[in-house]
Number of protein chains: 2
Amino acid sequence: MTPKGFTFAGVRCGLKNKRNDLGILLSDRPAVAAGVFTQSYSRAACIDFSRNAIADGKLRAVVVNSGNANCCTGLQGERDTLRMAELTAKALGLEAGDIAVASTGVIGQLLDMSKVERGISDASKVLGEDPKPFMDAILTTDLVEKQAHAQIGDAFIYGVAKGSGMIAPNMATMLAFVATDADTSGFDLDRVLKNAADVSFNCMTVDGDTSTNDTLLLMANGASGYKPTEEEFQSALTEVFTSLAKQVARDGEGATKLVEVRVTGSENPTKIARTIAESPLVKTAMFGCDPNWGRVLMAAGRAGVPYKLDDVRLSLFAADEEHLLFENGPASFDPKRVSTALKSDYVVIDLTVGEGETAVIYTCDFGYGYVRINAEYHT
Amino acid sequence: MTPKGFTFAGVRCGLKNKRNDLGILLSDRPAVAAGVFTQSYSRAACIDFSRNAIADGKLRAVVVNSGNANCCTGLQGERDTLRMAELTAKALGLEAGDIAVASTGVIGQLLDMSKVERGISDASKVLGEDPKPFMDAILTTDLVEKQAHAQIGDAFIYGVAKGSGMIAPNMATMLAFVATDADTSGFDLDRVLKNAADVSFNCMTVDGDTSTNDTLLLMANGASGYKPTEEEFQSALTEVFTSLAKQVARDGEGATKLVEVRVTGSENPTKIARTIAESPLVKTAMFGCDPNWGRVLMAAGRAGVPYKLDDVRLSLFAADEEHLLFENGPASFDPKRVSTALKSDYVVIDLTVGEGETAVIYTCDFGYGYVRINAEYHT
């Protein structure tokens with residue numbers, strides 16, 4: 001189910017305890033590449049390096065480490081990022097400019113380059129078709145692996161992701177690496193990637209905190225020989241991205257459920273949906289299985305987007321059933337019955353504030369686990 | 001210490017268990033009035049009513065209930081707000097237009113007007129100079145009473161507030177009522193009030209969630225005969241507002257400390273400070289007494305305000321000492337020592353990202369208590 005011409009490796013070099021912490025993704029031929037990166041002004045050196053690496057639209061490999069974000073580490077951090085690319089290039093017989101670098105983990109500590117050097121050397125020797133060691137090497141506080149794939153004609157799109165908070169403890173970051181053997185020549189791959197990211201990863205929030213190291217990379221090597229239409233490819237890529245984004249949201253730190261916030265309205269429904277999805281009061285209500293529609297309307301009301309309460313309709317979809325909570329005033333519902341339905345691991349908050357488009361934001365609930373993970377983790 | 005010509009009452013009418021839930025604040029003569037209200041589009045009927053009541057710049061009394069926000073209650077809610085004003089006016093020998101109405105508590109339930117009617121009748125008979133019964137009548141999940149005062153010449157400014165979250169559970173809202181016997185004739189009281197609110201209540205966040213019922217009202221009746229300069233009055237009013245805002249932040253749901261975020265920079269330091277103050281990762285680190293400077297820089301970095309990491313300096317003030325964490329790279333500090341200092345109930349996060357103005361935002365830490373209060377409270 002992985003695309004032709006790509007190989008994967010993941011090894012343990014000692015940056016983290018007991019788990020893989022260094023991975024390589026390699027295309028056996030030049031691949032067209034596109035990416036999006038964190039907009040943070042506290043971003044890590046690898047972000048600027050990788051943005052430059054794909055500036056020519058091409059890439060051969062990605063090297064990634066977890067356990068250390070190599071962020072806020074100054075000039076030495078920049079040198080270490082470059083060194084990671086050089087070591088990988090040397091081990092694979094490539095140029096440093098063919099390599100993208102990603103790091104995730106603790107902020108503000110220098111990389112132990114002797115461990116990284118050994119890891120790159122080891123990983124370069126075990127490249128193979130099984131993506132699992134690579135997928136494991138990028139995880140930090142994630143509880144589950146995250147992968148998704150789609151088939152178009154004879155081609156595959158395969159992606160892995162990590163993230164358990166837009167940023168989680170110091171150890172976090174959203175990373176996603178997506179490979180395809182589809183022939184995308186002639187496509188504006190940047191645009192296709194951004195279109196797909198805008199309705200998937202950019203519609204996901206765990207805690208509203210954006211990482212210093214967020215990286216999403218797409219490599220297309222054409223090895224299948226299959227050339228989809230741009231529409232066909234766009235659709236499949238969006239499917240893969242959306243699946244990965246939902247998996248990241250569902251695995252939010254301390255989360256017990258995936259919460260999908262759908263808002264329909266004429267004016268900026270996305271802003272209303274995002275405000276609801278980021279509201280600690282809505283998220284704790286979801287954790288507590290409380291059909292507390294007042295909090296949803298409170299959050300909607302503070303989004304800065306005008307509407308009339310007379311036009312508002314709110315329902316929850318949970319346990320395969322719609323539960324109407326508000327329409328021209330509070331609806332009549334059995335709180336205990338809805339509360340039981342909310343124990344489901346997938347809940348949709350469906351709010352209409354007027355006629356128009358529907359925006360969707362993916363998030364999770366917010367419980368003791370988030371506080372435990374983030375308050376009891378020490379630098 | 002309370003201003004001349006004002007009397008207070010608070011009684012228990014049964015909207016809430018075992019605590020006062022209906023209050024009246026009365027001036028014995030016409031008072032100049034100014035106010036600011038929630039911007040929410042899900043706002044309660046009392047907001048529009050009170051905004052109209054002060055449109056002529058005058059007020060005689062405020063009636064407030066806790067235990068029920070009378071919000072999202074449609075036409076009947078509007079009628080009940082008007083009825084509260086009419087009942088209060090009748091009991092006090094005034095007109096309904098002389099009265100402002102405020103409500104706080106659960107959203108989406110109709111007021112039990114027979115209880116409210118009895119409460120207004122009872123309260124109107126016990127008006128006196130002791131503000132405590134009134135102060136108690138506006139509290140919900142608050143753990144402590146919040147009052148502040150200032151003296152200018154022969155005049156007093158006295159204020160009470162409630163709030164334990166910008167909005168807390170369904171039961172919440174920030175309310176503040178400030179009375180003064182200073183002679184403010186000739187002042188632009190709206191402007192003075194907004195100036196003071198902008199650097200106090202508007203610089204405070206507990207969870208970023210803005211209530212449907214937030215109300216801040218100022219009444220100035222001139223009874224002291226003392227006429228301060230506008231600058232003198234502005235300064236004293238700002239002092240009272242800031243004290244109340246800090247008290248509200250410190251009493252945030254589940255909070256163990258007041259956190260003051262100071263950011264200095266040339267471009268929009270307020271936006272950076274607010275982003276840090278609202279970051280769940282920063283707030284959980286403060287709860288955990290973790291000098292996790294990476295999270296502060298992460299939050300600053302995502303505020304959308306440009307800066308260079310080379311210009312960044314970050315320190316914490318806790319337990320009467322400055323602890324430098326970052327300056328041209330990670331500073332050398334003893335994490336255990338700083339962690340011990342962070343057990344203080346007052347911490348300042350002081351971030352410089354460039355030369356310029358300093359913005360201050362007041363907030364609190366974020367721990368298990370917030371989740372407990374908000375997840376285990378059921379509608």
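This one's a predicted model, so the numbers in the text were calculated from it and none came from an experiment. Numbered from 1 within each chain, the chains take letters A, B, ... in sequence-line order.
- A donor atom on one side chain and an acceptor atom on the other are found under 3.5 Å apart for A/Tyr307 and B/Ser42.
- When each of A/Gly74, A/Gly108, A/Gly77, A/Pro330 is scored by its heavy-atom pairs under 4.5 Å with chain B, the top score falls to A/Gly108.
- Note: B/Gly367 leads B/Cys71, B/Gly367, B/Ala300 in heavy-atom pairs under 4.5 Å with chain A.
- Aromatic rings from B/Phe366 and A/Phe366 are positioned such that their centres are separated by under 6.0 Å.
- For the atom pair A/Phe287 CZ and A/Thr256 OG1, the distance stands at 6.0 Å (nearest 0.5 Å).
- In the model, A/Asp350 has no side-chain atom that pairs as donor or acceptor with a side-chain atom of A/Ser315 under 3.5 Å.
- Only the backbone of A/Val305 has a heavy atom closer than 4.5 Å to any heavy atom of chain B.
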